[in-house]
Amino acid sequence: SVSTSTTSTEATAVDPGKRLTIGFVNGNTIEFHTCLQKSMQARADSANVDLLVAQSAMDPAKELSNIDDMIAKKVDAVVVQTVNIDALEGGVARANRAGVPIFLTSVAAVDQSKILGAVVTDVKKVGQELGEWIAEDTGDTSADVAVIGGAPGAAADLMNDAFKANLGSHAKVVFDQPALWQRAKAQDVAENLLQAHPKVKYVFVHNEDMALGALAAFKSAGRTDIKIVTNGGSDAGLQAVRNGEFAATVSNTPRSVGEMAIDNVVGLLQKKEGVTKVATVPDMLVTRDNADEAPPYCL
Amino acid sequence: MDVRIELAGVSKSFGGAVALREIDFAVNGGEVHALVGMNGAGKSTLVKILSGALVPDAGEVLIDGAGHGALTPRRARALGVSIVHQHRTLVPQLTVAENMLLGRLPRRAGAVDWRRAHAEAARALAALDVRVPTRAVAGELGPAQQTLVEIAREVATGGKVLVLDEPTASLGGADAATVHDLVRRLSSAGISIVYISHHLDEVLGLADRITVLRDGRRIVTAAGADLDLAGLVRAMTGERISHQRPRRDRAAGETVLEIDALASGARLAELTLTVRAHEVVAVLGPAGDGQSELFDLLSGRRRPSGGRIRVAGADVAAGDVGAALAAGLRCVTGDRLAHGLVPGLTVDENLDLTRRGLRRPWLVRWGRLHRQAAERRSRYGVATIQADPPVSALSGGNQQKVLLAKWLDAPVQACLLEEPTNGVDVAAKADIHQLVDGLADQGTAVLLASADVEEVLRLADRVVVVRAGRVVADLPVEGLSRDALVSLTVGGTAS
Amino acid sequence: MTAISTPQRRAGLVVPPWFLRHAGVLAVLLLIGVFTATSSDVFLTGANLLNVSQQIAVVAVLAAGLTLLMTAGGIDFSLGAIAAVAHGVAAQLIVAGVPDGPAVLVTLALGAAIGLVNGVMVTWFKVTPFVATLATSTALGGAALLIIGGQSVSIGDHLMMIGFGEVLGVIPVSVVIAAAVCVAAALVMRWTAFGRNAFAIGGNESAARLSGIPVVRTKLLLYTLGGLLAALGGVMLVARLGAASPGAGGLHLELTVVAAVVIGGTALHGGSGTMVGTVLGVLLLGVVANSLNLLQINPYYQDVALGAVLAVAAIANHLRGRRT
Amino acid sequence: MTAISTPQRRAGLVVPPWFLRHAGVLAVLLLIGVFTATSSDVFLTGANLLNVSQQIAVVAVLAAGLTLLMTAGGIDFSLGAIAAVAHGVAAQLIVAGVPDGPAVLVTLALGAAIGLVNGVMVTWFKVTPFVATLATSTALGGAALLIIGGQSVSIGDHLMMIGFGEVLGVIPVSVVIAAAVCVAAALVMRWTAFGRNAFAIGGNESAARLSGIPVVRTKLLLYTLGGLLAALGGVMLVARLGAASPGAGGLHLELTVVAAVVIGGTALHGGSGTMVGTVLGVLLLGVVANSLNLLQINPYYQDVALGAVLAVAAIANHLRGRRT
Ligand SMILES: Nc1ncnc2c1ncn2[C@@H]1O[C@H](COP(=O)(O)OP(=O)(O)OP(=O)(O)O)[C@@H](O)[C@H]1O
Ligand SMILES: Nc1ncnc2c1ncn2[C@@H]1O[C@H](COP(=O)(O)OP(=O)(O)OP(=O)(O)O)[C@@H](O)[C@H]1O
Ligand SMILES: [Mg+2]
Ligand SMILES: [Mg+2]
């Protein structure tokens, strides 16, 4: 027999005096996720919250197991940085059935009725800002644009579509290949890009780690003319922007995601006033001019 | 002449069964010392002790006069005693030159000096007049060439005493002659040779001295010139008349098994023979000369290059195991662990395998399986300590009985028995002989491939002698003396 | 049949033989269990134990197929990839409107077909099993992503029965399926000619063939069965996740399955293996993962610990083997 | 010495034996090359070919070690993980201020030490190589993440020489290193007693032991050398990436390496193998990846194509083997 789902939002407020235990199920071991975990840990410590952590290592089945384990430990809420942004149905259902509130980070779109809340990254806006930047930069000259993506998926599609829609009439995407979030792979893809489309002028790389790989490829080919735009806001990325190696990046840092996640989970559990259920990570288009104002990426 | 290596009062037993009793044995420099005896007489055990592979229970091994308590193969080799086993020990993927120099390739400035390696190998081979290209890959050589390369290797490593355990067992006449030449040259070069062979004429032709073993005892050591074939055979077989042929009152029936111009490469040339119901026909020949092919061809493991096999008048599809089984032909291998039994499975299950292969049932009914196996075990006298141990835990003789029970404990049209008493003690041997009699009595056509003359005399109604893959004689056993049969078998290889 | 006294009887103690055989793994399992239970009061709760069993259900189903195959001297390195393909196909079929039952059946048939391809490569073309299935594994890894277009494919409320259903109100359906598969595999290995033939083939292929056992057919069937069970695992995966998604199944699952079977004492070269051992191996890996989580061990250390457990179990197997 | 005429001579055509031996892989390589060259005019440009060689340099270095090891009948499933650990350690040492040279040396020594541990498990504890190195691979995978704390560790301008340096103004240093390693391995396999001993051990271990070949020592050295080369691959990886980063090296690299060596015709059970074959295998995989990229083929098809190429090459190897 399948029991009906009870949505966690119907639960009553948690006593503010109670020490909360929050479970965090992390999805990957790359830099973003590591920083996210660090900032959550720091914010949890200062907010007097116990944070339990589990790692899914990009395996959706492991993610579900981790959520199970968190439920067994009777945490007050589970925060999930998902492996596949749009594939958490099973996990959400499980948490709902067990009556454990579930909170998502870095997602694009969510069904709000089944979760405690979320911190979303406005990937559309990221794509749009970068596209607009290129449109402005090209002016009236036509330009070839390439995309080096992470892995295909709903979020990447949203970002890419917004990017392409805002490129203006002169810039044209001639190359679009994923590099599966791996720096080495991005380097290979960038090298192949240069071979296939030597006239490329702009490259949009879906994160900074991969962008650094692409940069290495361009450098070794002596191509300093290619403008790289990317997404992240890490120290290495900001440094590259300062050096002029990246033309632009968008800062939406795991640090702010992590801090917001802890704050909002606590607030939502205690039903504090003024806590938004689905909050958007603040982002900022960073170029050489404003690089020093960008928020820190990690702790 | 100085004594190179010597066994003094050496005894060895395996699990209570004595393989060697107080053996004294000495090999002089530059002599060919032949070691002969019936199967199981203890020859291999003796030379394993010489070469350090086995440690004697009592007695001593003396090399150049010095005693060696803990002799290991490596140590023996370092002291100049090496052995060429009946099974080859070349590295099949490497070239002849490299196999010759295994573990001691010549080097210059740290690098292998291939030119010198090939030159050295070629020189070593040429010195023995062995014509094998040094660049040939060992695994692709014929058996004779492999034997020659191995002998040359042991000589080249500084072997002063060379033990050759049945070097010609799997060789044809011409190849055997090449080995004989080599042995003569080696001994004239001052190398001592211990030569084991069942080919008595080659022994008589080669040996300076001959030691005869029987049942683990040394019967005689004499100069080769002082012995003749008849005397040697008598020394080997002794006065025993234990293998008395029972009175036969069965008459051969219809022709059941027909082998018609069966050919297989160079080993078997148009072999033709028939076996009738109630008849035991022995194929006899120098070990490995043709009759070892029979198992592969009759069982369907390999496809013959020509000829036909018929059982009860119907052709058996070539190279098809299922067809051979379905035709009622059972082939019992001489190599039970390679092709007969599954060592990891229990005795009872092994006994059930053929039935399962034939009937193809869906389920295994353990109760019935154990009940039937118990009957078979008691019929074949399989003795075990545990209830149903894996076959690998049995003694050799018991494994052999399991093998026979597995294949023959159901009515069969015809069967091939390859060395059916391989590694079996005297009592078990008698049991197995009775089983074979029983098979023939029931009407099975039995083809026996055995190198054991006693066994052939005891079991067979008719003997077919094969040489160089062809039938050279086809005689009824009635009236043949043991010595005559031995001479017939071992007599032709040197001619 | 005389002298049927086993050494254990003589010692006056009745210990089942499987216990002795798997004493090493059992000891490691017990050690970890006791340690975790004393350090975390959650470990021994019914809810947690149910979790563990649910988490290992998919691994157990694949491991059952692999145990049979390895017993016969084969190996299949593509089981994880087949599961990945199957979970994608099932999701796409369901999304395309195919009812659950037929969708599952088609998926299972596909898995069996892929297994058969492996079998054909191994038996007809005589490619080494490891190489053949490494090739299919690579190809299927790509195919799995192609099938779902590299994106998660949600199946909504479908396959709820498999993913979330419960028998008798407590035992998850997935656990029941896994248990049924393992018991069935154990029965096949013990009571059917097919299963026993696998042992004979793994123990001595030449002897098996000469005994008239259909070696090629048995191997083809074994690979097919392996593929079928991997597909079943894939269906369970998609049912549990509620969606097909990139990264599910695949190499990670494959290695877990191989590790579980090997730790369970099934020989890589064939001829011996037990489902009891495999289940213990699967349990061990599941319990280790669970306890590392419960004990809040740094996730990076978890792999280090898992590797260490694997090494210890392998060495324990060897030492036990040497003593007898 | 009589009758030393090889079949090639008799046919009146001088074809080097390695060519015949690797005809299958060469044919597949040529086929793919021609197809790509006709579909993309970039493929045959010098710059692209240099790219390809740079992309496969790390794989080639690891494959060289594995070829030696597999020739002796061993296998190391942890090479990718060792490379991952090494690239992390090198980065952390450099970040900690250790000069490049010593940092690289320490990293190589660590790799060798890890290889030695594998060797000890295999020789002393007699654990099956596959199982032993699967265990270390798992443990090292976690260790690699621990070492870099799960974050990218940038090495700035360090190791530029290895990552981006060029010899004679065109040939990347990494390619030179890989070529040197492969040539050295080929020379070792052909010209040193150590290399020949590896063949003898893989071909007939007991014959090798009886001939006085130090079997255990040779195996230990082979595993150590494998670890060392894997660490060198790790250093090249970090130099090329300019940073150590999670996910570099590891299982994916490992499988590529194993596939390359196996396609190159080195037998899994030992006794035969050539560096020419391995280099061809590495090249084949590199060219396939490059051409799929140049042809803008969906990356998921890349794995499918790779698997297909693996299967075709394996079957071609078999067919060639049957003919002789
Ligand atoms: N490892 C062993 N374990 C038990 N018994 C053994 C072992 N080796 C030999 N025997 C027994 O010792 C006896 C002598 O065997 P050995 O191999 O020396 O005979 P052989 O003269 O070489 O015979 P053949 O001519 O058949 O080779 C035989 O009864 C044999 O069964
Ligand atoms: N490992 C074992 N486990 C169980 N029973 C064994 C084992 N080894 C031997 N036996 C049994 O012990 C008895 C003696 O064994 P042993 O090997 O000494 O026989 P053997 O004298 O060599 O006989 P054979 O001449 O048949 O080879 C046999 O009944 C055998 O079945
Ligand atoms: Mg002998
Ligand atoms: Mg015995």
Side-chain angles (χ1 to χ4, degrees), chain B residues 295-296 299-301 320-326 330-333 335-350 352-366 369-371 373-375 377-378 382-393 403 406-407, chain C residues 1-11 14 16-17 20-21 68 70-73 184-218 221 265-274 277 321 324:
Chain B
F295 175 77
D296 281 359
S299 66
R301 269 191 92 220
D320 183 342
V321 172
L325 287 174
R330 300 284 179 275
C331 299
V332 184
T333 175
D335 190 348
R336 55 184 172 254
L337 288 182
H339 304 301
L341 301 170
V342 183
L345 293 185
T346 66
V347 170
D348 288 0
E349 196 173 356
N350 266 287
D352 192 50
L353 275 189
T354 4
R355 199 191 64 87
R356 203 154 79 203
L358 271 173
R359 298 261 185 84
R360 306 271 170 93
W362 279 90
L363 295 179
V364 173
R365 289 160 60 188
W366 289 99
L369 183 148
H370 287 303
R371 268 197 309 282
E375 288 167 22
R377 284 211 233 172
S378 65
V382 178
T384 60
I385 295 174
Q386 290 155 339
D388 188 15
V391 157
S392 56
L403 180 76
K406 173 190 164 194
W407 287 97
Chain C
M1 291 211 323
T2 54
I4 320 184
S5 72
T6 56
Q8 292 83 42
R9 281 231 202 125
R10 249 184 267 142
V14 183
L20 278 184
R21 177 164 186 174
L68 269 161
M70 276 176 60
T71 300
L187 292 177
V188 164
M189 287 171 76
R190 176 83 192 138
W191 290 98
T192 68
F194 168 67
R196 298 313 300 176
N197 288 349
F199 277 93
I201 292 170
N204 186 344
E205 189 166 330
S206 173
R209 196 155 75 87
L210 286 169
S211 302
I213 287 170
V215 172
V216 169
R217 196 211 301 163
T218 304
L221 246 169
T266 299
L268 272 174
H269 51 262
S272 81
T274 61
T324 53

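Labels below follow one simple rule: chain letters A, B, ... track the order of the sequence lines, proteins then strands, and each chain is numbered from 1. Keep in mind that the numbers below use all heavy atoms, side chains included, and drop hydrogens, waters and symmetry copies.
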[X] portion near chain C, given a 4.5 angstrom heavy-atom threshold:
{"X": "B:Val321", "value": "side chain"}
{"X": "B:Leu325", "value": "side chain"}
{"X": "B:Arg355", "value": "neither"}
{"X": "B:Leu341", "value": "backbone"}
{"X": "B:Ala338", "value": "backbone"}
{"X": "B:Glu375", "value": "neither"}
{"X": "B:Trp362", "value": "backbone"}
{"X": "B:Arg301", "value": "both"}

(message) Testing the basics here: between C:Met189 and C:Leu68, what is the closest heavy-atom pair and its distance to 0.1 Å?
(response)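 Answer, listing the atom of C:Met189 first, then C:Leu68: CG-CD2, 3.5 Å.
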(request) Taking all heavy atoms of C:Asn197 and all of C:Pro214, pick out the closest pair and write down the distance. (result)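 Of all heavy-atom pairs spanning C:Asn197 and C:Pro214, the closest is ND2-CD, 4.3 Å.
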(message) With salt bridge (Lys or Arg N to Asp or Glu O under 4.0 Å) as the rule and sequence neighbours excluded, what pairs involving residues 202-216 of chain C come up?
(response)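 Listed once each, the pairs are C:Glu205-C:Lys219.
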(request) Mind ranking C:Gly271, C:Gly212, C:Gly195 by heavy-atom pairs under 4.5 Å with chain B and telling me who comes out on top? (result)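 Maximum pair count with chain B is reached by C:Gly212.
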(message) Could you tell me if the side chain of B:Glu349 sits less than 4.5 Å from the side chain of B:Asp388, heavy atoms only?
(response)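 They are not in side-chain contact.
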(message) In the structure I gave you, are the side-chain heavy atoms of C:Phe199 and B:Val342 within less than 4.5 Å of one another anywhere?
(response)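 Side-chain contact under 4.5 Å: no.
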(request) Keeping the roles fixed (side chain from B:Trp407, backbone from B:Thr333), state whether a donor-acceptor pair exists under 3.5 Å. (result)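 No: the side chain of B:Trp407 does not pair with the backbone of B:Thr333.
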(request) Sequence neighbours left out, what passes side chain to side chain contact (heavy atoms under 4.5 Å, CB included) with C:Ala186? Give chain and number order. (result)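 Residues passing side chain to side chain contact (heavy atoms under 4.5 Å, CB included) with C:Ala186: C:Met275.
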